[in-house]
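Take a look at the structure set out below.
Sequence positions, counted from 1, serve as the residue numbers for this chain. As the structure lists them, so they are numbered: ligands from 1, and atoms in each ligand from 1.
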Amino acid sequence: MLNHSSGFMIALLLGSALFTVGCAKEPVVVETSIVILEGEKDPAVWGKKFPHHYDAYLKNRERTQGYSKYRNDNQDRISPWPFQFVLWDGWGMAIEYNEPNGHTDMLKDQLAVDPSRKKAGGTCLTCKTPYAPSLKEKLGADYFRKPYTEVHAQIPKQHQELGLTCIDCHDPKTQDLRLSRWTLKEGLKAIGKDEGKLTRQEMRSLVCAQCHVTYVIPKDAEGKSTYVKFPWANGRWGNISIEGVIKQIKDENIREWKHTPTGQKLGHIRHPEFELFSAPGSVHWAAGVACADCHMPYERVGRVKISSHRWESPLKKNMQACLQCHNQSPEWLKQQVLNIQDRVNHMFTKAGYTVARAALTIEQANKTPGADAKALAKAKEIYEEAYLRNTWIGAENSMGFHNPPEALRVLGDALDQARQAELMAREAILKAKGAPKEFDMAKIDALVRERYKGKDKKTGFRADVPKKAALIR
Ligand code: HEC
Ligand code: HEC
Ligand code: HEC
Ligand code: HEC
């Protein structure tokens with residue numbers, strides 16, 4: 001697909017790898033005598049030594065719109081794909097869910113989000129505050145089980161809104177990349193990857209994998225959170241698949257919420273960027289490309305070059321990151337991203353409505369007296385599989401770009417399983433001499449408007465938000 005021979009591409013890539021190494025050899029140390037102490041969480045203190053990085057970091061507070069087709073800061077992420085109201089009916093996800101904002105705002109955004117999204121307690125702070133590791137040390141089991149606000153109050157006053165900061169990814173003494181979260185360290189152990197032998201290029205992805213992954217929150221008998229971990233028990237480096245994650249959710253019965261339409265408890269999937277990106281099918285992972293290559297491209301500030309610390313979509317930097325390796329025009333590269341995303345969105349939409357059809361048919365079967373219990377149980381079992389697969393791609397933040405063939409494979413399975421679940425639920429109704437309702441996309445949209453209508457984001461469907469669920473015709 002590239003304009004030049006693959007031999008040239010490899011040369012180009014090697015060049016870029018050398019460039020990468022060479023570039024970091026000129027870190028911008030303005031005042032070398034400044035010593036940053038171990039544990040220093042205040043980015044302004046780090047900023048005295050690295051003012052250019054600090055300036056770039058502060059830009060994460062800006063909100064950007066209009067560059068990206070599917071990801072715009074702070075927008076409602078439920079209404080554009082209306083079937084999601086049916087899929088998440090029963091918990092916070094269907095009440096408020098927004099497109100991501102910048103890293104500086106993550107704790108602020110969490111404080112502002114609907115309380116139903118923080119029911120899991122202190123656990124929720126794990127990816128939102130640099131104090132998470134020390135709070136876990138200090139509070140032990142209470143860190144996970146105590147209410148969110150109680151654990152949040154333990155953060156020193158001046159940092160109660162501080163989001164991602166330097167210490168989350170860097171060693172203050174050497175400035176090397178360093179992992180700060182137990183979740184990832186335990187995850188690496190689960191997949192048999194030696195934490196002591198990580199390469200620099202692996203670290204350029206793994207610092208992100210501390211948070212941009214799916215996680216599970218096991219609960220005790222009272223429904224209180226007992227831990228947070230990555231469901232990687234069945235994974236391997238370069239292959240943490242949805243199949244393995246589902247198996248673990250089932251084996252350990254980590255079902256965190258109850259779905260109202262089907263009446264069953266379900267697991268959940270959150271933003272598996274690292275897993276999708278590193279799975280088989282990913283051309284970029286196979287070529288040794290890291291998250292930082294595309295999301296932290298080098299930029300010139302005055303006479304020096306730094307890795308951008310404004311983490312955002314590459315589309316917002318006019319594809320500058322891609323140009324480190326690709327020699328096509330930014331317009332062409334952007335078009336490739338959109339072509340991929342439109343195709344993944346097509347399948348996500350198709351599978352999503354089919355999963356919703358299955359949910360609504362199971363709902364009807366639940367209400368049908370004498371519905372065949374065996375067929376209904378089978379329908380519910382397959383429903384869970386379809387639901388988790390559809391969410392694997394929907395919750396992942398690149399709309400499939402990070403690994404297009406894998407995204408389409410998973411959605412294909414979700415579509416097939418949702419169809420099977422619907423057929424089983426119909427059979428359960430038919431065996432009781434009932435008449436299964438027919439649902440097409442338009443009927444589901446009408447039902448969503450009726451059942452989940454609301455004027456603002458916290459009460460339900462917003463007709464004023466443009467629909468992004470779309471099929472390619
Ligand atoms: C400590 C957790 C954490 C780490 C580490 C982390 N992120 Fe994030 N990231 C988040 C959260 C949380 C959000 C959403 C913030 C919000 O909406 O308030 C986010 C948002 C983003 C966004 C969207 C920003 C926007 O303005 O739309 C990008 C892109 C991103 N992260 C990339 C990365 C990359 C690349 C790395 C590694 C170099 C990384 N992140 C490391 C937690 C993290
Ligand atoms: C080959 C380039 C490339 C690599 C490598 C890459 N990404 Fe992305 N990423 C993209 C593109 C392109 C998008 C889609 C942006 C859009 O739709 O505007 C994206 C989207 C995202 C988003 C959503 C951004 C937003 O504005 O909301 C996040 C978060 C993200 N990537 C994190 C990661 C993480 C974490 C890794 C590593 C595990 C990674 N990416 C690896 C290119 C890349
Ligand atoms: C999400 C993780 C993350 C956070 C948070 C973060 N950095 Fe970085 N930083 C990186 C990565 C990745 C690199 C590239 C390292 C490499 O290539 O070895 C980097 C590189 C650097 C470098 C080396 C020079 C360069 O530009 O490549 C400096 C200095 C630096 N960061 C300072 C900071 C400061 C100061 C802060 C806080 C204001 C900060 N970083 C926050 C991930 C992070
Ligand atoms: C560090 C180098 C590097 C960066 C940065 C990079 N790419 Fe690539 N890209 C590659 C390599 C290597 C291949 C595989 C080339 C081949 O085998 O033809 C590739 C392949 C692709 C393909 C074809 C995928 C396929 O399935 O065949 C597309 C599309 C693409 N890149 C888009 C992008 C976009 C868009 C960006 C920026 C967001 C980007 N790349 C950033 C190195 C890179």
- Looking only at N/O atoms, are Thr165 and ligand 3 under 3.5 Å apart anywhere? no
- Message: What I want to check is whether the side chains of Glu273 and Asn397 have a donor and an acceptor closer together than 3.5 Å.
- Response: yes
- Message: Using heavy-atom distances only, which candidate in Asn98, Thr126, Asn101 approaches atom 15 (C) of ligand 1 most closely?
- Response: Asn101
- Hey, which atoms in ligand 1 end up nearer than 4.0 Å to a heavy atom of Glu312? 29 (C)
- Query: Does Arg310 approach ligand 1 within less than 4.0 angstrom via side chain, backbone, both or neither, non-hydrogen atoms only?
  - Reply: side chain
- Note on the structure: ligand 1 atoms nearer than 4.0 angstrom to some heavy atom of Arg181 are 1 (C)
- Would you mind running through ligand 1 and noting each atom that sits below 4.0 Å from a heavy atom of Pro100? 14 (C), 17 (O), 25 (C), 27 (O)
- Query: Which atoms of ligand 1 have any heavy atom of Asp73 under 4.0 Å away?
  - Reply: 25 (C), 26 (O), 27 (O)
- Message: So, regarding Lys305 and ligand 3 (criterion: nitrogen or oxygen to nitrogen or oxygen, under 3.5 Å), is there a contact or not?
- Response: no
- Message: I need the atoms of ligand 4 closer than 4.0 Å to a non-hydrogen atom of Val337, numbered in the order shown.
- Response: 35 (C)
- Message: Out of all atoms in ligand 4, which are within 4.0 Å of some heavy atom of Pro314? Include the element for each.
- Response: 38 (C)
- Item | His53 backbone or side-chain N/O/S under 2.8 Å from atom 8 (Fe) of ligand 3 | no
- Note on the structure: Quick look: Arg204 vs ligand 1, heavy-atom contacts under 4.0 Å, and the answer is neither
- Residue Cys322 vicinity, atoms of ligand 4 by number, heavy atom under 4.0 Å: 34 (C), 35 (C), 36 (C), 37 (C), 38 (C), 39 (C), 41 (C)
- Note on the structure: Taking only non-hydrogen atoms of Ala287 and a 4.0 Å limit, the atoms of ligand 4 in range are 12 (C)
- Task: Check each of His295, His212, His271, Met296 against atom 33 (C) of ligand 1 and report the one with the nearest heavy atom.
- Result: His212
- Message: Under 3.5 Å, is there a donor on one side chain and an acceptor on the other for Asn234 and Glu243?
- Response: no
- Message: Using a 4.0 Å cutoff against the non-hydrogen atoms of Val207, which atoms of ligand 1 qualify?
- Response: 5 (C)
- Here the gap from Arg303 atom CZ to His52 atom NE2, rounded to the nearest 0.5 Å, amounts to 8.5 Å
- Task: For ligand 1, indicate whether the residue His103 contacts it via side chain, backbone, both or neither (heavy-atom separation under 4.0 Å).
- Result: side chain
- Without hydrogens or angle criteria, can the side chains of Gln154 and Lys138 be said to hold a donor-acceptor pair below 3.5 Å? yes
- Query: Does Leu177 come within less than 4.0 Å of ligand 3, judged by its heavy atoms?
  - Reply: yes
- Message: Under a 4.0 angstrom heavy-atom cut-off, which atoms of ligand 4 come close to Ala321?
- Response: 5 (C)
- Enumerate the atoms of ligand 1 whose separation from the nearest heavy atom of Asp109 is less than 4.0 angstrom. 16 (C), 17 (O), 18 (O)
- Item | Donor-acceptor pair between Ser180 and Gln210 side chains, under 3.5 angstrom | yes
- Is the distance between the ring centroids of Trp46 and Tyr57 less than 6.0 Å? no
- Message: Using a 4.0 Å cutoff against the non-hydrogen atoms of Leu164, which atoms of ligand 3 qualify?
- Response: 1 (C), 5 (C)
- So which N/O/S atom does His284 have closest to atom 8 (Fe) of ligand 4? NE2
- Item | For Lys128, the ligand 1 atoms whose distance to one of its heavy atoms is below 4.0 Å | 12 (C)
- Item | Met319, His326, Gln336: member with heavy atom nearest to atom 32 (C) of ligand 4 | His326
- Task: Could you find the nearest protein heavy atom to atom 36 (C) of ligand 1 and give me its residue, atom name and distance?
- Result: Cys208 SG, 2.8 Å
- Does one side chain, of Tyr148 or Gln110, offer a donor that lies under 3.5 Å from an acceptor on the other? yes
- Hey, is His309 touching ligand 3 through its side chain, its backbone, both or neither, going by heavy atoms under 4.0 Å? side chain
- Could you pull out, from Cys291, Ala292, Pro43, Cys166, the option with a heavy atom nearest to atom 38 (C) of ligand 3? Cys166
- Would one find an N or O of Gln324, backbone or side chain, under 3.5 Å from an N or O of ligand 4? no
- Query: What atoms of ligand 4 come within less than 4.0 Å of a heavy atom belonging to Cys325?
  - Reply: 1 (C), 2 (C), 3 (C), 4 (C), 5 (C), 42 (C), 43 (C)
- Pair Asp220-Tyr227, side-chain donor/acceptor within less than 3.5 Å: no
- With atoms numbered from 1 as shown, which atoms in ligand 3 lie under 4.0 angstrom from a non-hydrogen atom of Arg200? 16 (C), 17 (O), 18 (O)
- Query: With atoms numbered from 1 as shown, which atoms in ligand 1 lie under 4.0 angstrom from a non-hydrogen atom of Asp105?
  - Reply: 18 (O)
- Item | ligand 3 versus Lys49: contacting region, heavy-atom distance under 4.0 Å | neither
- Cys294 heavy atoms, cut-off 4.0 Å: which ligand 4 atoms fall inside? 41 (C)
- Task: Measure Ile306 to ligand 3 on non-hydrogen atoms and call it side chain, backbone, both or neither using the 4.0 Å cut-off.
- Result: both
